[in-house]
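Notes follow once the structure below has been shown.
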Amino acid sequence: MSIQQTDVLYTAVATAENGRDGRVATDDGKLDVVVNPPEELGGSGAGTNPEQLFAAGYSACFQGALGVVARQEKADISGSTVTAKVGIGKNDDGFGIIVEISAHIPNVDAGTAAALLEKAHQVCPYSKATRGNITVTLV
C-alpha cells in the first residue's frame, strides 16, 4: 500500500548534474559525489555510480528492516551485516537492474536467518518499491 503526501515524515532531495558522468549532491550538503560510469560500461570508473549508490541505500534500509523484524521475533542480530549487489545490464528496452541481498547473521542458525531475511524483505521500503519491477534474490 502506498503512502500519501500527508504521511511523509522525511524527504531526501538530491540533484544530479550531467547524469551518469557528473556530480550528485543532496540539498543539505551531506552527500556530494562525482559519478562516472564504471569501466565495464565504457566509463572512467573514477567516481561512484548510481548502482553503487542504490546498493548502499538498499543495504542500509534492509539492515534497518532486519532490525525491526529481529526485535519482533526476539532474535539476536548483533554483529550482522547486509550486502546488496546491484547489477546492470541490457534488456529488451535498454537497460535494467537486478539485485541480490545477502546477510551475515552470526548469532542465529541458517533457518532462522533465512526466515528473518524473508520477513525483512516484506517490510523493507526498498523491497516494497522494487517488488514486481526488478528481480531481487535473497541469498
Side-chain angles (χ1 to χ4, degrees):
M1 175 186 246
S2 62
I3 66 171
Q4 303 300 313
Q5 187 61 38
T6 55
D7 298 322
V8 173
L9 300 174
Y10 169 76
T11 300
V13 178
T15 301
E17 299 171 5
N18 292 330
R20 289 182 160 271
D21 207 359
R23 176 178 163 259
V24 177
T26 56
D27 65 335
D28 62 6
K30 292 181 180 178
L31 178 71
D32 190 341
V33 295
V34 171
V35 290
N36 300 113
E39 292 178 10
E40 295 85 350
L41 296 179
S44 69
T48 189
N49 58 67
E51 291 70 39
Q52 288 176 325
L53 295 170
F54 187 75
Y58 203 159
S59 63
C61 188
F62 201 97
Q63 178 79 41
L66 183 62
V68 168
V69 169
R71 283 189 293 282
Q72 292 171 345
E73 300 290 320
K74 298 189 180 6
D76 179 7
I77 64 159
S78 59
S80 66
T81 58
V82 172
T83 300
K85 295 180 180 179
V86 176
I88 184 170
K90 291 186 177 185
N91 63 13
D92 292 341
D93 58 355
F95 284 85
I97 61 171
I98 188 168
V99 176
E100 179 181 289
I101 302 282
S102 61
H104 172 69
I105 311 173
N107 298 323
V108 300
D109 61 65
T112 300
L116 290 171
L117 283 182
E118 276 297 331
K119 289 177 181 176
H121 190 45
Q122 296 308 307
V123 300
C124 174
Y126 273 59
S127 292
K128 289 179 181 181
T130 59
R131 190 167 290 120
N133 299 311
I134 64 171
T135 300
V136 177
T137 305
L138 304 177
V139 295

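By convention here, the first residue in the shown sequence is residue 1.
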Thr112 vs Asp109, side chain to side chain donor-acceptor pair (under 3.5 Å): CA-CA, chis, key distance, verdict: CA-CA 5 Å; Thr112 300; Asp109 61 65; 3.2 Å; yes
For [X] and [Y], which heavy atoms make the closest approach, and how far apart are they?
X      : Y      : value
Val123 : Ala65  : CG2-CB, 3.8 Å
Pro106 : His104 : CD-O, 3.6 Å
Val24  : Val35  : CG2-CG1, 3.8 Å
Lys119 : Glu73  : NZ-OE2, 3.1 Å

Side-chain donor-acceptor contact under 3.5 Å, Ser78 with Asn107: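 Note: Ser78 and Asn107 side chains meet the donor-acceptor criterion.
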Any donor-acceptor pair under 3.5 Å from Asn133 side chain to Ala129 backbone: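 Side chain of Asn133 to backbone of Ala129, a donor-acceptor pair under 3.5 Å: yes, one is there.
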Heavy-atom donor-acceptor pair, Asp7 side chain to Gln4 backbone, under 3.5 Å: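 Yes; judged by distance alone, with no hydrogens or angles, the pair exists.
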Aromatic ring pairing Phe54/Tyr58, orientation class (parallel under 30°, perpendicular over 60°, tilted between):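 Perpendicular, since the angle between the ring planes exceeds 60°.
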Pairwise distance [atom1]([X]) to [atom2]([Y]) - rounded to 0.5 angstrom:
X      : Y      : atom1 : atom2 : value
Phe62  : Leu66  : CZ    : CG    : 6.5 Å
Gln72  : Leu116 : CD    : CG    : 10.5 Å
Ser59  : Ile101 : OG    : CD1   : 7.0 Å
Thr130 : Ile98  : OG1   : CD1   : 11.5 Å
Lys90  : Leu41  : NZ    : CG    : 9.5 Å

Would a single hydrophobic cluster contain both [Y] and [X], if residues Ile, Leu, Val, Met, Phe, Trp and Tyr are joined by side-chain heavy-atom contacts under 4.5 Å?
X      : Y      : value
Val8   : Tyr126 : no
Ile88  : Ile134 : yes
Leu53  : Val82  : no
Leu138 : Ile97  : yes

Full working for side chain to side chain contact (heavy atoms under 4.5 Å, CB included) between Thr48 and Val34: CA-CA 6 Å; Thr48 189; Val34 171; over 6 Å; no
Enclosure of Asp92 CG (heavy-atom neighbours >12, cutoff 6.0 Å):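 No, CG of Asp92 has 12 or fewer neighbouring heavy atoms, counting only those of other groups under 6.0 Å.
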Ser80/Gln63 under side chain to side chain donor-acceptor pair (under 3.5 Å): CA gap, chis, key distance, verdict: CA-CA 8 Å; Ser80 66; Gln63 178 79 41; 2.9 Å; yes
CA sep, side-chain torsions, deciding dist, call: Lys85, Glu51, side chain to side chain contact (heavy atoms under 4.5 Å, CB included): CA-CA 9 Å; Lys85 295 180 180 179; Glu51 291 70 39; over 6 Å; no
Residue among Val33, Leu31, Thr15 satisfying side-chain contact (heavy atoms from CB on, under 4.5 Å) with Thr26: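 Running side-chain contact (heavy atoms from CB on, under 4.5 Å) over Val33, Leu31, Thr15 with Thr26 returns exactly one hit, Leu31.
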Derivation and outcome, side chain to side chain contact (heavy atoms under 4.5 Å, CB included), residues Asp21 and Asn36: CA-CA 4 Å; Asp21 207 359; Asn36 300 113; 2.6 Å; yes
Test log, rule side chain to side chain donor-acceptor pair (under 3.5 Å), inputs His121 and Ser127: CA-CA 6 Å; His121 190 45; Ser127 292; 2.7 Å; yes
